[in-house]
Amino acid sequence: MGRGRVQLKRIENKISRQVTFSKRRTGLLKKAHQISVLCDVEVALIVFSTKGKLYEYSSESSMERILERYERYSYAEKQLGTIDPESQGSWSHEYPKLVARIEVLQRSMRHISGEELDPLSLRELQNLEQQLDTALKRVRTRKNQLMNETISEFQKKEKALQEQNNLLAKKLKQNDKINADQRTQRQQQQQDHGQNSSALMLAPPQQPPASLPVACLNIGQRLEGGCGVVEDVGHQTQRTSHIVLPPWMLPNLNT
């Protein structure tokens with residue numbers, strides 16, 4: 001005889017009920033873990049014993065995250081329940097499609113980041129590689145564009161700084177030239193002033209000395225006056241012929 005169907009009802013024996021709870025609880029936690037691993041789903045299991053003791057299980061994600069997700073979905077269902085019956089039918093058809101699309105997008109993001117690649121076939125891996133190559137080309141193109149723009153800005157700044165440097169160098173040369181001209185003029189003025197001072201210091205007196213009689217220097221001539229008549233005297237003539245007379249005395253000799 002085969003095993004018959006067991007009627008589900010509360011076990012009256014307290015000890016048997018506690019033993020059955022321990023066994024079934026362990027099996028339930030094991031099944032929850034198996035379904036989360038095999039089917040890649042998020043599972044949250046909460047069990048309270050008759051004494052109020054908590055037994056819980058959650059998949060790889062935390063229990064809080066699963067509960068927050070459950071609250072969002074329950075809130076969305078409540079909002080859909082408040083919509084009029086005419087639009088509720090369309091929303092009920094669109095909701096599963098949106099959920100499925102979200103799941104596909106999340107799976108694609110995991111594949112792009114290099115996760116969960118084992119279930120993919122060779123063609124799917126090739127398509128993924130092509131997508132990554134296309135994305136990499138776009139990233140490189142954008143990077144090169146930004147680098148070229150940055151280089152152009154630096155070149156413009158360099159040109160502006162070079163022009164400013166040339167302008168400052170030109171002004172500096174002009175200032176040096178002006179200072180050099182001023183120094184040259186000052187030196188020339190100092191030289192002219194020094195020559196005038198030396199000329200004034202070396203100039204001869206303009207008036208003859210009063211102690212020298214002019215008429216007595218005319219040798220060999222008959223002089224009248226205080227000097228008397230002087231005949232040619234060879235020795236005295238030779239001695240006085242070497243005397244160099246200043247220019248201011250020549251007019252007095254000719255008179």
Side-chain angles (χ1 to χ4, degrees), residues 36-44 58-84 87-88 90-191:
S36 65
V37 174
L38 294 175
C39 301
D40 191 17
V41 295
E42 294 182 356
V43 178
S58 61
S59 54
E60 294 181 359
S61 59
S62 62
M63 179 66 73
E64 290 79 5
R65 179 180 175 184
I66 298 175
L67 293 177
E68 289 177 0
R69 186 176 179 183
Y70 171 75
E71 290 178 356
R72 288 197 302 268
Y73 276 93
S74 62
Y75 177 77
E77 290 178 356
K78 290 179 182 179
Q79 293 295 325
L80 289 174
T82 58
I83 301 174
D84 55 346
S87 61
Q88 186 175 0
S90 61
W91 280 107
S92 62
H93 291 293
E94 292 293 332
Y95 180 73
K97 294 180 181 179
L98 293 175
V99 173
R101 185 165 181 80
I102 290 173
E103 294 293 337
V104 172
L105 292 175
Q106 289 178 352
R107 190 180 300 111
S108 298
M109 291 177 63
R110 289 194 295 270
H111 292 165
I112 290 173
S113 61
E115 299 177 358
E116 301 179 3
L117 300 178
D118 295 336
L120 299 180
S121 62
L122 179 60
R123 180 171 293 181
E124 291 175 346
L125 290 173
Q126 290 177 352
N127 293 332
L128 180 61
E129 184 181 5
Q130 186 176 2
Q131 292 177 3
L132 292 175
D133 290 338
T134 304
L136 184 60
K137 289 179 181 178
R138 292 178 181 176
V139 171
R140 287 177 178 174
T141 302
R142 179 58 181 167
K143 183 192 71 174
N144 294 331
Q145 183 180 359
L146 290 177
M147 290 179 64
N148 293 329
E149 291 176 357
T150 305
I151 292 172
S152 299
E153 291 179 359
F154 284 154
Q155 289 178 351
K156 291 179 181 179
K157 291 181 180 179
E158 182 183 3
K159 185 177 180 181
L161 292 175
Q162 187 66 31
E163 291 178 356
Q164 186 177 4
N165 189 15
N166 294 334
L167 182 61
L168 293 175
K170 185 176 180 181
K171 290 182 178 180
L172 183 61
K173 288 182 180 179
Q174 291 177 357
N175 293 332
D176 293 340
K177 184 177 180 181
I178 293 172
N179 294 330
D181 294 340
Q182 292 177 355
R183 287 195 300 269
T184 303
Q185 291 178 359
R186 286 197 297 267
Q187 292 177 359
Q188 186 66 29
Q189 292 176 359
Q190 291 177 359
Q191 291 178 359

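Heavy-atom basis, side chains included; hydrogens, waters and symmetry copies ignored. Sequence positions, counted from 1, serve as the residue numbers for this chain.
By the neighbour-count criterion of 12 heavy atoms within 6.0 Å, atom CD of Glu149 is densely surrounded, having more than that number from other residues, nucleotides or ligands. Atom CD of Gln130 is surrounded by 12 or fewer heavy atoms from other residues, nucleotides or ligands within 6.0 Å. For Glu103, the CD atom is densely surrounded, since the number of other residues' heavy atoms within 6.0 Å is greater than 12.
In this structure, the side chain of Asn165 does not engage the main chain of Leu161 through any donor-acceptor pair within 3.5 Å.
Taking Gln188 as the reference, Asp192 meet the side-chain hydrogen bond (donor to acceptor under 3.5 Å, both in side chains) condition, with sequence neighbours excluded. The side-chain contact (heavy atoms from CB on, under 4.5 Å) search around Arg142 returns Gln145, Leu146, not counting sequence neighbours.
In this structure, the separation between CG on Leu128 and CG on Leu132 is 4.5 Å, given to the nearest 0.5 Å. Put simply, CD on Glu163 and CG on Leu168 are 12.0 Å apart, with the number rounded to the nearest 0.5 Å. A distance of 8.5 Å separates CG in Asp133 from CZ in Arg140, rounded to the nearest 0.5 Å. In this structure, Asp40 CG and Arg107 CZ are separated by 8.0 Å, a value rounded to the nearest 0.5 Å. Atom OG1 of Thr184 and atom CD of Gln182 lie 10.0 Å apart (nearest 0.5 Å). A distance of 11.0 Å separates CD of Gln189 from CD of Gln191, quoted to the nearest 0.5 Å.
Glu42 places a side-chain heavy atom less than 4.5 Å from the side chain of Arg69. Side-chain atoms of Lys159 and Gln155, non-hydrogen and from C-beta on, never get closer than 4.5 Å to each other. Proximity of Arg138 to Thr141: side-chain heavy atoms (C-beta onward) are nowhere separated by under 4.5 Å. Side-chain contact check for Leu98 versus Arg101: every heavy-atom pair is 4.5 Å or farther apart.
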Where do Gln106 and Ile102 land on the side-chain contact (heavy atoms from CB on, under 4.5 Å) test, with the steps shown first?
CA-CA 6 Å; Gln106 289 178 352; Ile102 290 173; 3.6 Å; yes

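The two residues Ala44 and Ile66 come nearest to each other via the heavy atoms CB-CG2, 3.6 Å.
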